[in-house]
Every structure is written in C-alpha cells, then in structure tokens.
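These numbers come from the heavy atoms of this one structure, side chains and all, not from hydrogens, waters or symmetry mates. All values reported here derive from a predicted model rather than from experimental measurement. Whatever order the structure lists ligands and atoms in, that order sets their numbers, starting from 1.
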Amino acid sequence: AVGIAIGSPEDEAAEMARHLVGANLAGHDSHGIGMIPDYVRLAKAGLLVPGRSLETLVDMGALLVFEAGRGCGQWMARRAMERGIGRAREMGCCTVALRNAAHVGRIGHYAEICAEAGMASVHFVNVADHDPLQAPFGCSDARLGTNPFAAALPGKRKPSVVLDMATSAIAFGKARVARNKGVPVPEGSLIDGEGMPTTDPTTYVDSRKGALRSFGLHKGSGLAVMCELMGAALTGGQTIQPAHPRHDGILNSMLSIIIDVEAIGDRDTLADEIDAVAGYIRRSPPAPGFERILMPGEPENLSRAQRRKEGIPLDTKSLSDILAAAIEAGVPDDCVTEIRKALT
Ligand code: NAD
C-alpha cells in the first residue's frame with residue numbers, strides 16, 4: 001500500500017513489498033520493512049522515482065549496461081537480473097552493469113534469483129548520494145558507503161550457497177536496529193566522532209558522528225574499495241567521491257557477473273562438489289563457543305524457516321516510524337488502522 005501511495009505501479013510496489021518482507025524473513029531486519037520511512041522520504045524528495053523503466057545503454061551480447069535513473073531499486077535490479085540471466089543462457093555468461101538505482105535492498109536476493117535460474121553469480125555494489133558511513137582500514141573517519149558484496153552458486157537445495165554481506169563490519173541498518181532496540185553493536189564495528197572504538201550506536205545513528213569500520217582489517221577494506229570501483233566507477237554509476245553531488249538519497253550501482261553453470265560443466269556435478277566441500281568443512285569439530293558450523297546462506301535459511309512459523313518480530317519504534325510514514329504517504333485509512341492495531 002505504501003508503494004502504491006508513493007506512485008509505484010502495482011507490479012513494482014508488489015516487488016518492493018516482497019523484497020522487504022523477504023529480507024525480514026531472511027533475518028535482515030536492517031533491509032526489511034523498516035526501510036519504508038526512508039523510501040517515503042526519498043520519493044517525496046524526488047530521490048526515488050517510482051514507475052521508471054530500465055534504460056538499456058549498451059547491449060553487446062555478453063555485456064549489458066542499464067541506467068536506472070533513481071528508479072525503484074528492487075524493480076530495476078530484478079529486471080536487470082532477468083535480462084542478464086536470459087543472455088547468460090544464450091552466451092554462457094553475461095556481465096550486467098546497473099547504474100544509479102534507488103536502494104536495491106538485500107543483494108543476496110539477486111544472487112538467489114541467479115542461483116534459482118541455474119546461474120553462478122558475483123555482485124559488486126556501491127552506495128552513493130549520501131555521506132559516507134564506512135571508515136576504510138587506517139582511516140579515522142568515514143570515506144565509503146557500506147558497499148555490499150554477494151556471490152552465490154546453485155546447489156541441490158534451494159536457495160543454495162549464498163554469501164551476502166556489507167563490507168563494513170555491520171550494515172548501517174543493523175546499527176539502526178540496535179539503536180531502536182537499545183542494545184550495543186558488536187565490539188570493533190564502530191568508531192566515535194574522535195575515531196575511538198565504541199559499542200553505543202545512539203550518537204552515530206542519530207547524528208552520524210563516527211563511522212562503521214570495514215570488516216577484516218585491510219582485506220575487507222580492500223574489498224569495499226573494489227565494490228566502489230567495480231560497482232560504480234567501472235559501470236558509470238555515481239561514486240561517493242565528493243565531486244559528485246550528495247542529496248541525502250541512496251543510490252546503488254551494481255556490477256553483476258552471471259555464469260551459466262551448464263555452459264562450464266554440469267549442474268549435478270557442481271551440486272555434488274558443493275555438498276562434498278561443505279560436508280568436509282562441517283566435519284571439523286566446532287571451535288569453543290560454536291555449536292555448529294554453517295555455510296554462507298544457512299543463517300538466512302534457518303531464519304526463514306523459523307520466521308515463517310513464528311512470524312517476524314518488530315520493535316515498537318520501527319512500527320511507529322512505519323505508521324508515520326504510511327500516513328505521510330497517504331495510504332488508505334484501513335491500512336493505517338491495521339498498523340495501529342499491531343502497535344497496541
Ligand atoms: P551478515 O553479517 O548477517 O551475513 C554476512 C554473510 O555471512 C551471509 O552470507 C551469511 O549467510 C553469512 N553468515 C552469517 N553468520 C554466519 C555463520 N555463523 N556461519 C557462516 N556464515 C555466516 O550480513 P551483513 O553484512 O550485516 O549484511 C546484511 C544485509 O545488508 C545484506 O543482505 C546486504 O546485501 C545488505 N546491504 C545492502 C546495502 C545496500 O546499499 N543495498 C548496503 C549494505 C548491506
């Protein structure tokens with residue numbers, strides 16, 4: 001209903017809604033329906049353009065370049081993946097450059113779309129149009145967005161092995177969720193306005209003093225830099241360097257490399273090998289403090305199974321922010337009443 005109220009056609013609004021709820025189901029509340037207030041603000045400011053069509057700038061067979069022009073990120077990125085998958089099926093692989101989409105959400109979703117179609121894929125993504133959030137290795141302040149990276153392979157089970165992560169130690173939305181719940185963020189993930197380590201997300205989330213640290217010292221920081229350059233500099237999207245305007249929007253540019261597994265070898269052999277490697281890793285005795293060993297993508301599968309049964313827990317602050325945003329967007333009264341009911 002909020003998607004429609006901000007001006008999205010039905011299919012686009014439905015895609016956005018499915019994506020946001022899907023992120024909650026996967027356990028990533030940072031990228032779930034808690035984004036609705038941001039989307040309403042962005043649409044009102046003209047920084048998210050509902051109803052935009054994906055524009056093809058380059059079509060060279062195995063290379064597709066698309067301009068999204070601030071269109072609804074979830075819709076633009078799905079369309080771009082569908083085109084890339086179709087082309088990879090014909091040509092064995094396809095590189096897809098998607099420029100300047102409004103927030104595309106959970107990047108793993110696009111890796112999963114590819115995996116479900118029998119494709120292996122890698123995705124480099126940057127985040128621009130707002131002040132930086134991530135302090136790369138050795139920096140005392142923020143210079144990059146949370147620049148996510150994702151990769152997936154199709155296996156026997158659905159969805160299969162999916163690595164999907166921010167290159168900051170935690171995603172910004174996780175600091176927001178922690179602040180709303182009044183809980184600390186993990187040690188080593190945040191610095192304050194003086195560049196000193198802190199676990200209290202309040203000042204950072206409320207007044208953006210401080211920065212999220214890159215994960216994994218210089219290596220994670222290096223991957224964050226490559227997401228900026230591969231995701232945006234190479235694709236022709238907007239990078240975060242200060243010569244480009246910052247409108248307090250969210251722009252994602254994404255470079256996706258999509259490979260048809262059947263063009264390299266065969267899907268069953270790959271799935272057997274994935275299972276064998278995963279089994280080998282899992283048979284390691286868990287280190288102290290670990291109950292079991294999980295593959296990338298498994299925490300999301302476990303969360304989906306649990307939340308489909310028990311529902312999605314939502315804190316009161318996020319719900320009341322969604323209520324205010326729904327009213328501002330002008331959603332019909334019966335929908336507002338439903339949200340009010342959930343709050344009481
Ligand atoms: P995370 O740290 O929760 O998970 C990262 C990866 O590690 C996942 O693939 C997960 O399956 C795996 N993992 C987690 N726990 C594990 C364990 N115990 N054993 C083995 N593997 C494990 O994710 P995150 O970095 O907080 O990112 C959250 C979401 O934010 C992602 O979906 C990302 O795409 C999204 N994001 C989007 C943007 C954007 O601008 N669109 C920016 C940043 C992040």
Side-chain angles (χ1 to χ4, degrees), residues 16 19-20 22-32 34-35 38-39 42 48 68 72-74 76-78 98 100-113 115 121-130 132-134 142 144-153 155 159-178 185-186 188-190 201 212-216 220 223-224 227-228 231-232 237-238 240 249-256 277-278 281-282 284 286-287 289-304:
M16 190 198 289
H19 183 111
L20 295 178
N24 286 114
L25 284 172
H28 293 293
D29 295 335
S30 55
H31 286 70
M35 287 303 297
D38 278 311
Y39 289 2
L42 293 170
L48 186 168
C72 167
Q74 287 89 358
M76 296 283 119
R78 174 177 272 280
L98 175 68
N100 304 324
H103 190 241
V104 299
R106 221 190 116 240
I107 310 306
H109 180 67
Y110 308 107
E112 285 160 10
I113 290 174
S121 66
V122 182
H123 309 259
F124 294 90
V125 183
N126 93 318
V127 196
D129 205 36
H130 63 64
L133 299 169
Q134 175 176 187
L144 289 175
T146 51
N147 290 6
F149 172 84
L153 290 155
S160 60
V161 186
V162 183
L163 175 67
D164 170 29
M165 58 186 208
T167 49
S168 48
I170 55 169
F172 175 76
K174 293 213 165 136
R176 171 174 50 80
V177 170
V185 294
S189 55
L190 195 62
L212 302 168
R213 279 176 149 172
S214 300
F215 85 96
L223 183 57
C227 284
E228 188 68 28
Q238 186 171 310
I240 200 158
I250 310 176
L251 278 183
N252 283 143
S253 294
M254 172 160 76
L255 181 80
S256 302
V277 171
I281 295 171
R282 277 184 221 285
S284 173
F290 287 80
E291 268 174 37
R292 56 187 281 211
I293 292 153
L294 300 173
M295 287 299 107
E298 255 187 302
E300 287 75 11
N301 291 346
L302 293 169
S303 169
R304 284 184 187 106

Got a sec, which residues hit salt bridge (Lys or Arg N to Asp or Glu O under 4.0 Å) with Arg176, two or more places apart in sequence or on another chain?
none
Report the residue from Pro201, Ser168, Pro132 that forms a side chain to side chain contact (heavy atoms under 4.5 Å, CB included) with Leu212.
Ser168
Does one side chain, of Gln134 or Thr146, offer a donor that lies under 3.5 Å from an acceptor on the other?
no
Can Gln74 and Tyr39 be counted as having a side-chain donor-acceptor contact under 3.5 angstrom?
yes
Every residue of the protein that comes under 4.0 Å of ligand 1, judged on heavy atoms:
His28, His31, His103, Gly105, Arg106, Ile107, Val127, Thr146, Pro148, Val162, Leu163, Asp164, Met165, Ala166, Ala171, Lys174, Asn252, Leu294, Pro296, Gly297, Pro299, Glu300
Is Phe149 close to Ile107 at the side-chain level, that is, under 4.5 Å between some pair of heavy atoms?
no
Before we go on, tell me: are the rings of His31 and His109 under 6.0 Å apart, centre to centre?
no
